[in-house]
Protein chains: 2
Amino acid sequence: MFDLDVRSRKPIYEQLVDKLKELIMNDVLKVDEQLPSVRTLAQQLTINPNTIQKAYRELETQGYIYSIKGKGSFVNATVKSVNTEKLEKVKKELIRLLTEAMYLGVTSNELETIISDIESSLGGGSSID
Amino acid sequence: MFDLDVRSRKPIYEQLVDKLKELIMNDVLKVDEQLPSVRTLAQQLTINPNTIQKAYRELETQGYIYSIKGKGSFVNATVKSVNTEKLEKVKKELIRLLTEAMYLGVTSNELETIISDIESSLGGGSSID
DNA sequence: TTACTGTATTATTATTATTAGTACAGTTTT
DNA sequence: AAAACTGTACTAATAATAATAATACAGTAA
């Protein structure tokens with residue numbers, strides 16, 4: 001279910017955050033559905049429970065899930081209010097354009113620079129950097 | 001001339017690589033023009049010369065510059081063969097689309113995931129990761 | 001009570017970018 | 001020839017941080 005790259009520059013917990021967001025947004029994990037417990041998921045992925053907890057905490061901060069001590073962590077309903085349809089269109093267009101750009105020689109580093117520029121110009125609130 | 005972010009996840013030397021590529025591609029640094037020496041630039045940016053050297057070595061590996069011991073480092077002509085006009089158009093379109101995507105809630109992490117996906121599907125030869 | 005949940009804390013390990021210092025080789029200028 | 005530049009190479013130390021390890025505590029459910 002999760003394919004993590006331990007040697008990526010992106011920390012494992014952030015990869016987890018991204019992956020879980022994706023699962024939530026694609027309704028693989030449905031609203032109010034319980035996520036695997038920190039210990040269970042840690043065992044499945046053979047990584048430390050603290051790393052899972054860090055990801056869950058981040059997801060909760062960003063409003064994607066809510067956690068109840070003793071019960072578990074669950075998918076939050078509020079985030080689903082985003083216009084997912086339009087978002088999907090943009091994503092597809094984005095993939096097309098990114099592909100073209102990279103064929104033209106734009107490197108991923110340059111793209112990340114562009115992204116971080118845009119991010120800071122937007123106020124930079126949503127990233128966890 | 002250079003604005004480096006020492007607390008970025010992206011290492012300083014990679015930021016330098018990106019910045020210098022940009023200057024080369026935009027003809028701010030022209031073909032066969034000499035780049036500042038590793039020691040000079042290090043002093044200007046108040047960072048270690050080794051960091052500059054690492055960036056220069058990377059740029060040389062990627063064919064953007066060539067270095068001659070005792071003389072200096074210079075902009076390579078070969079990389080300028082790219083269709084810069086079309087590239088600029090794509091970049092502008094990209095910025096517009098990326099901005100829209102991030103307004104819709106796509107995080108930079110998600111974008112980087114998309115990029116790395118595309119990168120590996122293209123064969124992934126150009127990145128320095 | 002037992003066995004789950006989330007949460008918190010401290011210490012340790014591992015990785016990696018960066019710095020620091022030094023040395024050597026080649027070029028240019030005086 | 002000498003001085004002052006260039007790039008290059010190498011080792012060691014430092015700093016930052018992700019991840020692990022090991023507990024402990026608190027709430028829930030069987």
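Letters A, B, ... mirror the listed sequences (proteins, then strands); counts begin at 1.
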*Quick one: pull up NZ in A:Lys30 and CD1 in A:Ile24 and give me the separation to the nearest 0.5 Å.*
12.0 Å
*Between atom CD of B:Glu58 and atom CG of B:Leu16, what is the distance when rounded to the nearest 0.5 Å?*
12.0 Å
*Rounded off to whole Å, could you give me the CD1-to-C1' distance for the B:Ile65 and D:dT8 pair?*
13 Å
*At what distance, to the nearest 0.5 angstrom, does CG of B:Asp32 lie from CZ of B:Phe74?*
8.0 Å
*asked:* Checking B:Asp5 now: which residues fulfil side-chain hydrogen bond (donor to acceptor under 3.5 Å, both in side chains) with it, not counting sequence neighbours?
replied: none
*What nucleic acid atoms does A:Ser8 come within less than 4.0 Å of, heavy atoms only: base, sugar-phosphate, or nothing?*
nothing
*Across the strands shown, which category fits B:Gln34 at heavy-atom distances under 4.0 angstrom: base, sugar-phosphate, nothing?*
nothing
_Inter-residue atom distance A:Glu14.CD - A:Ser8.OG, 0.5 Å rounding_ = 9.0 Å
*Just how far, in rounded Å, is P of D:dT8 from CD1 of B:Ile52?*
13 Å
_Leading and trailing nucleotides of DNA chain C with any atom under 4.0 Å from heavy atoms of chain B_ = C:dA17 to C:dT28
*About how many Å separate CD1 of A:Ile65 and CZ of A:Arg57, when rounded to the nearest 0.5 Å?*
11.0 Å
_Please report the interatomic distance CD(B:Gln62) to CG(B:Asn76), rounded to the nearest 0.5 Å._
12.0 Å
*What heavy-atom pair brings A:Ala55 and A:Tyr13 nearest, and what distance separates the two atoms?*
CB-O, 3.6 Å
*Mark up nucleotides 18-30 of chain D, 5' to 3', with B wherever a protein heavy atom is under 4.0 angstrom from a base atom, S wherever such an atom reaches only the sugar-phosphate, and - elsewhere.*
SSBBB-B-BBSS-
